[in-house]
Every structure is written in C-alpha cells, then in structure tokens.
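Accompanying notes for the structure given below.
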Amino acid sequence: MLIADVADAQQLPTASPKGQVEQIVGLTNVTVEYNRPSMRERAIFGDLVPFDQVWRTGANKCTTIEFDGPVKIEGNDIGAGKYSIFTIPGNEVWVVIFNKNTELWGEGDRKEEEDVLTVKVNALRCDPTETFTMGFDNVKDDRASLQMRWERTLVSVAIEADATERALANIKEATAKPDADFRVFHASGRFLVDRGLMPEEALRLTQKSVDLDKRFWNLHSLALAYAANGRYKEAIATAQESLAMSEKAEYPAYVKMNQEKIAEWGKAQSAKPADRGGMRGR
C-alpha cells in the first residue's frame, strides 16, 4: 500500500503530454486543450487511427475548444461555451464534431444527442509531423483556421468571429471620453479604413488624430482615409507629407508604403475624368 501511495504521488512524463493553444479571433478568445500523441514509427491514419470511425482527436481525455463569444464554424453558428472535439478521419474528407460534454475520455463515451455541430472538411497532405499538433493559421479580419496536423495529414477548420458590432461600440465609447488622445482617434479611424466602413467617419477620426499630434504614421492613415473618400488630390498631398516625415525618421517601411500609394493614387486621379467620360459616352 505504501508503494502504491508513493506511485500515485509521483509526477512522471507521459507518452502524450498536454498541450494548449490560444488565439484571439476578432475580439473572441479561442482556447484549445488537448493531449499530443506521437507517431513513434507507427502508421497513423487508416491504421492506428482507422478511417471512418470516431476518434477522440488526440489522446487521453477528450480535446476541448472554448469560445468566449459566439462564432461561426465553417459558416455554421455555434454559441459561446466549451465543447469537446471528436473527428471521423477519412482518406479525403474528415467529419469534425463539437459535443457539449467536455468530461469525456474514450470515443465510446460520446453521445450523439449531445453533439452541437458537425461539419465536413477536406484532408490535405502536409510535411511529416511526428507529434499531433493543433494550432491556428490564416488569422485575419475576424477569421482564423483551426489546424490539425499529424503524420502527413492536415485538416483545417474555418472559424469566424465577427467583431464589427463590438468594435464600433468600442470606438464610440473610447472617442467620447474627454481624455481620448491621438492614438485612440488613430486606432479608431484606421479600423474603419481597413474594414472599408464609414469612410466619412474614418476621415474625421484620422484627421482628429493628426490635429492632436502629427506623426508620419497617422498622416499615412489620414491619406488612406482621403483615398477611401475618393479625394485623391488630398490623399497624395498627405502621403507626401508622411513620406517626408518617415524619411526623416528613417522608417523605411512607411517610406515604401507612401511611395507605393502616391503612385497608385496618381494613376487613379488621372483615370477619373476618363472614367466619367466613358460612362457619359454610354
């Protein structure tokens, strides 16, 4: 009994250690917890993990994913909360299952009536991966891909968490504060510019930032806002001012961006009368 008690108290390395990955998608926190088995010279998919059978998607306790806000998975709505992930691997297509019970272990513990969402995704080839790996890629504009890699198989699940409504509310609140500085107005205006939203408001906010404290980077954003409103003459003049300041500050990234935009907007400005004439000609 003494030996058993000592053994139970030991902390020993496991064959499939725990892993965790986190990612903010839009404004939503996404957290994945899983156990990571390794190949160990074994054939995996179609052998150790059979095709067309439910797999716990890792080892030991079931893999879980948690969202602190509602998201879309492959275009399907799923609410905020924590879910277990099961999969049915196939040679070309995988079924990915989100289940509301997060205390499951073996595949046989899962109850279909507790499934919340089931989607199908393509199985792709990838470079050899010794240890089962989950992570995020293509993190852009409120979207990301949850990726699963093992052996030579890659599966990617699209996640979307639209942050526009929350961001607009945050902008309204932040810019209304009496102590809002030029950085607040810049970040707010630049968000609208980057998302192609409310161009007149984007121009107002970026202009306010420049009025409070002129920097080469908020001048560049102001130039973008002018261009978004079709005001290429002002956009070029503002970008030229940003270019001069960024050259003085020895910041080559902004030098390059301003030069490229000045050339782009110059072409757009010269093309505008011809475009209007062409429309009238029709």
Side-chain angles (χ1 to χ4, degrees), residues 19-34 36 57-58 63-90 92-100 102 115-127 129 132-150 153-174 186-199 201-202 205-206 217 220-221 224-225 227-228 253 257 261:
Q20 178 175 305
V21 288
E22 298 180 74
Q23 180 62 56
I24 296 176
V25 182
L27 292 172
T28 299
N29 293 301
V30 184
T31 303
V32 175
E33 296 179 345
Y34 68 120
R36 308 186 61 194
T57 318
T63 292
T64 62
I65 188 167
E66 185 170 10
F67 314 103
D68 72 352
V71 302
K72 289 183 180 292
I73 303 292
E74 292 290 327
N76 300 279
D77 292 322
I78 188 169
K82 190 172 185 178
Y83 306 91
S84 59
I85 298 178
F86 289 85
T87 52
I88 303 176
E92 296 182 353
V93 175
W94 279 36
V95 177
V96 183
I97 302 163
F98 297 84
N99 187 284
K100 66 182 180 181
T102 60
D115 292 345
V116 176
L117 177 65
T118 299
V119 298
K120 292 183 178 180
V121 294
N122 293 328
L124 306 174
R125 298 284 286 175
C126 66
D127 293 334
T129 303
F132 178 57
T133 300
M134 300 184 72
F136 295 91
D137 200 0
N138 306 313
V139 183
K140 180 183 178 183
D141 295 341
D142 300 349
R143 294 176 173 85
S145 299
L146 172 63
Q147 296 191 340
M148 295 176 268
R149 295 173 179 263
W150 203 15
T153 297
L154 165 65
V155 173
S156 185
V157 181
I159 299 175
E160 180 180 358
D162 188 354
T164 302
E165 185 175 341
R166 288 173 62 184
L168 292 177
N170 291 345
I171 286 172
K172 184 176 181 180
E173 179 182 359
H186 173 259
S188 300
R190 186 57 188 261
F191 174 82
L192 297 179
V193 168
D194 290 342
R195 297 297 179 95
L197 300 171
M198 304 166 61
E201 180 66 3
L205 293 170
T206 51
W217 43 267
H220 180 75
S221 295
L224 294 173
M257 287 191 293
K261 286 301 181 182

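In this chain, residues are counted from 1 in sequence order.
- Contact check for Phe67 versus Ile73: side-chain heavy atoms found under the 4.5 Å cut-off.
- The closest side-chain heavy-atom distance from Glu33 to Glu66 is not below 4.5 Å.
- Ionic pairing of Arg195 and Asp142 is present here: one or more N-O contacts between side-chain nitrogen and carboxylate oxygen are shorter than 4.0 angstrom.
- Closest heavy-atom contact between Ala202 and Gly189: CB-O, 3.8 Å.
- Contact of the Phe136 side chain with the Leu146 side chain is registered, since non-hydrogen atoms from C-beta on lie closer than 4.5 Å.
- Considering CG of Leu124 and CD of Glu92, their distance stands at 11.0 Å, rounded to 0.5 Å.
- Put simply, CG on Leu117 and CD on Glu74 are 9.5 Å apart, with the number rounded to the nearest 0.5 Å.
- Tyr83 and Phe98 get closest at one heavy-atom pair: CB-CB, 4.4 Å.
- Closest of all the heavy-atom pairs between Gly135 and Val21 is CA-CG2, 4.4 Å.
- One distance of note links CG of Leu205 with CZ of Phe191; it measures 12.0 Å at 0.5 Å rounding.
- Annotation: side chain of Val116 is not in contact with side chain of Asn99 (no heavy-atom distance under 4.5 Å).
- For the pair Met198 and Leu168, the minimum side-chain heavy-atom distance is below 4.5 Å.
- Between atom CG of residue Asp68 and atom CD1 of residue Ile24 there is a gap of 8.5 Å, rounded to the nearest 0.5 Å.
- Two residues are said to be in side-chain contact when any heavy atoms from C-beta on lie closer than 4.5 Å; Val96 and Val121 meet this criterion.
- Rounding to the nearest 0.5 Å places CG of Asp162 at 10.5 Å from CG of Asp141.
- Taking each heavy atom of Ala123 and Gly90 in turn, the nearest pair found is CB-O, 4.1 Å.
- Between Val157 and Met148, some side-chain heavy-atom pair lies under the 4.5 Å cut-off.
- Panel note: side chain Thr129, backbone Asp127; a donor-acceptor pair is recorded below 3.5 Å.
- Checked against Gln147 for a side chain to side chain contact (heavy atoms under 4.5 Å, CB included), the options Val155, Thr133, Asp137 give a single hit: Asp137.
- Shown here for Leu27 and Ala167, the closest heavy-atom pair between the two residues is CD1-N, 4.1 Å.
- More than 12 heavy-atom neighbours from other residues, nucleotides or ligands sit within 6.0 angstrom of CD on Gln20.
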Quiz item: Checking side chain to side chain contact (heavy atoms under 4.5 Å, CB included) for the pair Arg166/Thr28: CA distance, chi angles, key distance, verdict?
Solution: CA-CA 10 Å; Arg166 288 173 62 184; Thr28 299; 4.1 Å; yes
Exercise. Starting from the C-alpha separation in whole Å, work towards a yes-or-no answer on side chain to side chain contact (heavy atoms under 4.5 Å, CB included) for Val119 and Asn76.
Key: CA-CA 8 Å; Val119 298; Asn76 300 279; 3.6 Å; yes
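- For the side chain to side chain contact (heavy atoms under 4.5 Å, CB included) criterion with Glu22, the lone passing option out of Asn29, Val32, Thr31 is Thr31.
- Between the OH atom of Tyr34 and the CD1 atom of Ile85 there is a distance of 11.0 Å, given to the nearest 0.5 Å.
- Defined by atom type and a distance below 3.5 Å, a donor-acceptor pair is missing between the side-chain atoms of Ser221 and Thr206.
- For the pair Thr57 and Phe132, the minimum side-chain heavy-atom distance is below 4.5 Å.
- In terms of heavy-atom proximity, Cys126 sits nearest to Arg149 at CB-NH1, 3.6 Å.
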